[in-house]
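I have placed the structure first, in the form of structure tokens, so that the comments after it can refer back to it.
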Amino acid sequence: MNHRPDPGPGPGRCPAHGGATALHGPEFAADPHAVYRRLRAHGPVAPVELAPGVGAHLVTDYRAALEVLRSPGTFAKDPRRWRDMAEGRIAPDNPVVPMMAYRPNCLFTDGEQHRRLRGAVTDSLERIDPNALRGYVERSADTLIDRFAPAGEADLLGSYAKVLPLLVFNQLFGCPPELGDRLVEGMTGIFDGVDAERANTLVYTTLTELIGTKRRQPGADMTSWLMAHPARLTDEEMIHQIVVLMGAGTQPQQNLVAGALRLLLCDDRFAGDLAGGSMPVDDALDEVLWLDPPMANYGVHYPTADVDFAGVRLRAGDPVVVSFAAANTDPALRPERHSGQRTGNRAHLAWSAGPHHCPAKSPARLIASVAVERLLDRLPDLELAVPADRLAWRPGPFHRALAALPVRFPPQPVPVRQPAPSGAAHAGPGAAHAAPASPHAGPGAAHAAPASPHAGPGAGHAAPASPHAGPASPYAAPAAPHPAPGVPHPAPGAPHTAPAPPVDVTAETPGDSRWNPPSRPSGSTPPAGTSTARPPASAPGGRRPPWNSLVAWWHGR
């Protein structure tokens, strides 16, 4: 048992929960690692308050975190076990409920149900061609950069890191333009809290229509692959899997991109290499994933029975939250893992571990790496517009998220876009994308690959701007095709001409409703240099809106 004396009430401590440390105030957001150091005085597990009235235990020890994550028989994920919620002691409108309440998806299930849902997600993700994905990110990045490059200043969070994942996911899920625009509008409304009820309805109805469209005409995209999987997902299950994928792939993805850019712009260990023309993007991503993982405290589990764990008595059904950030910086780890650059070390827990480890870490890392590379290739003279110590962080118990990332740079004219070669606009999802090698990319970052039958839709397309977002909206889909590989951008100061007519980036691609096992990488198609090795695949209530958790993520709850 834990016999250490409780330090008692103090800054950041919550008298309502016996001196538990609050993780929901500005003090925690400003310096979470100082809070983790205080919590370690309790040992590997410490009492915390996630939100007013919501107590939990936070795991701050690396080995203890692994034990929780790898012991599904002792620590379950299904939040219907959450005793305080089931017994009415947590109000349904408590701000952490959307992030913790049960949904019939692979994140909140255990046992056979989890294996079934997780298998469909993992197998479908493995069908994504990394070269096509790189093309999606590059075109989306160029479209966004074109919008603020002439101004000489931007908030890279709101105008870039926040928007780019939505555009990429729009393409990965094979949304026809009219549905893709509505889905981006709905997800944006949820994150921004602008008419959230209308946004909820728009997302739900749009996904319902998308699933109906793909059942009639499947394509080479995530939606079609999920629906064709032998798991035989229902429409309701399809909606929940898509929402959890979009939620996990947008807000954490923006935090990873923004966090890496912050390091590269203000940390001397990285800025020096940047000034010399060799920017270690992978090193910056590793540093963020070790020190400030985008989801810093999550991995919520519930003991299946009362248990003595790490010297603390945990009651069945009480939330146990894994602090990925605290575990990664555990002083018991070898010194090189928690001091200085963590070059090449991928033993962090930012992607979780065990049966619920993140199934999309390879595409997520590729998206982040290409997003950073493309931005700094286009705008190499970026600098912060405010002192680094004045950057603000959004409060919230679960994420590590900047509130804004203002930068300035010499204004750049919008490059002239070359029309796609005849037939290239509809080359299909397997069209290979070989970007010119970036001086900032790691070895092998740009590959030319044979056409793949498993690439997502619209590999050579760019979608028209959204009619819903308005002409000035940063969320409109890419509006023009980008130069073919090897076509240089005009030099700064070159006269600007109008872009080529829009080309549909989400045009339907003929698909097969049968399930074909995902192809595995072969010697002829090298994997993207920024991806990590894929781990092996792991083995309902009433209808309710499944995306409320995204509102909580965006508003710092």
Side-chain angles (χ1 to χ4, degrees), residues 1-2 23 36 39-40 42-48 50 54-86 96 99-119 121-122 244 248 289-290 293 295-333 337 346-361 397-398 534-539:
M1 298 293 292
N2 186 354
L23 303 186
Y36 301 145
L39 289 172
R40 291 192 182 103
H42 289 267
V45 180
V48 295
L50 301 176
V54 182
H57 280 86
L58 192 72
V59 181
T60 59
D61 176 271
Y62 186 89
R63 291 178 179 81
L66 282 176
E67 186 172 350
V68 170
L69 296 169
R70 293 174 174 173
S71 304
T74 305
F75 297 97
K77 285 285 290 180
D78 191 333
R80 289 174 293 188
R81 296 178 179 271
W82 186 7
R83 188 179 57 242
D84 284 352
M85 184 69 182
V96 298
M99 287 290 289
M100 296 173 64
Y102 173 75
R103 303 281 187 266
N105 61 41
C106 57
L107 180 62
F108 291 133
T109 50
D110 299 300
E112 184 54 40
Q113 186 184 15
H114 169 254
R115 284 187 289 273
R116 173 175 162 269
L117 298 175
R118 168 71 178 230
V121 168
T122 301
V244 78
L289 292 168
W290 272 102
M295 294 303 291
N297 307 296
Y298 203 40
V300 185
H301 291 70
Y302 305 87
T304 56
D306 292 358
V307 61
D308 291 331
F309 179 75
V312 175
R313 184 70 171 174
L314 301 175
R315 297 193 305 162
D318 281 355
V320 176
V321 180
V322 174
S323 176
F324 303 123
N328 286 348
T329 54
D330 182 352
L333 294 178
R337 288 192 179 178
R346 306 279 171 85
H348 56 73
L349 297 181
W351 309 114
S352 190
H356 284 273
H357 71 270
C358 176
K361 66 179 183 180
F398 302 122
R534 285 193 180 93
S538 73

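The first residue of the sequence shown is numbered 1, and numbering continues consecutively from there. Reckoned from all heavy atoms, side chains included, excluding hydrogens, waters and symmetry mates.
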Note, V322 side chain near F75 side chain (heavy atom, < 4.5 Å): no

Identify, with sequence neighbours excluded, every residue that meets side-chain contact (heavy atoms from CB on, under 4.5 Å) alongside A360. L125, C358, P363

Taking all heavy atoms of A332 and all of R63, pick out the closest pair and write down the distance. CB-NH1, 4.1 Å

Could you tell me the separation between the OG1 atom of T304 and the CG atom of D78, rounded to the nearest 0.5 Å? 12.0 Å

Does D306 have any side chain to side chain donor-acceptor pair (under 3.5 Å) partners at least two apart in sequence or in another chain, and if so, which? none

Run the side-chain contact (heavy atoms from CB on, under 4.5 Å) test against D318 and tell me which residues pass, sequence neighbours left out. R83, R315

Under the ring pair (Phe, Tyr, Trp, His ring centres under 6.0 Å) test, residues paired with Y36 that sit two or more places apart: F28, H33

d(H356 NE2, C106 SG) to nearest 0.5 Å is 8.0 Å

Could you check if a side-chain atom of M100 sits within less than 4.5 angstrom of a side-chain atom of P319, using non-hydrogen atoms only? yes

Any donor and acceptor pair, going by atom type alone, linking the side chain of D330 with main-chain N or O of D61 inside 3.5 Å? no

Shortest non-hydrogen contact from A350 to L289? CB-O, 3.4 Å

L39 side chain near L58 side chain, heavy-atom distance below 4.5 Å: yes

Would you say R40 and P331 make side-chain contact, with heavy atoms under 4.5 Å? yes

Would you mind reporting whether P355 and H114 have side-chain heavy atoms less than 4.5 Å apart? yes

Residue list, ring pair (Phe, Tyr, Trp, His ring centres under 6.0 Å) with F108, at least two apart or on another chain: none

Mind checking whether R103 and V244 have side chains closer than 4.5 Å, heavy atoms only? no

F309 side chain reached by H57 side chain, heavy atoms, under 4.5 Å: no

Give the intermediate values and the outcome of side-chain contact (heavy atoms from CB on, under 4.5 Å) for residues L349 and L66. CA-CA 8 Å; L349 297 181; L66 282 176; 3.7 Å; yes

Here the pair of heavy atoms bringing T60 nearest to G43 is OG1-O, 3.6 Å

Can you tell if the side chain of L69 reaches within under 4.5 Å of the side chain of H357, non-hydrogen atoms only? no

CE of M295 to CH2 of W351, rounded to nearest 0.5 Å, is 12.5 Å

If you take all heavy atoms of P397 and N297, which pair is closest and at what distance? O-ND2, 3.1 Å

Tell me, please, which residues at least two apart from T109 pass side chain to side chain donor-acceptor pair (under 3.5 Å). none

Roughly how far apart are L50 CG and F398 CZ, rounded to 0.5 Å? 5.0 Å

Once rounded to the nearest 0.5 Å, what's the spacing between atom CG of L107 and atom CE of M99? 8.5 Å

Could you check whether any side-chain N or O of T329 sits under 3.5 Å from a backbone N or O of A326, counting only pairs where one atom can act as donor and the other as acceptor? yes

Roughly how far, to the nearest 0.5 Å, is the CH2 atom of W82 from the OH atom of Y302? 5.5 Å

Restricting to non-hydrogen atoms, name the atom on P303 and the atom on L314 that form the minimum distance, rounded to 0.1 Å. CG-CB, 4.1 Å

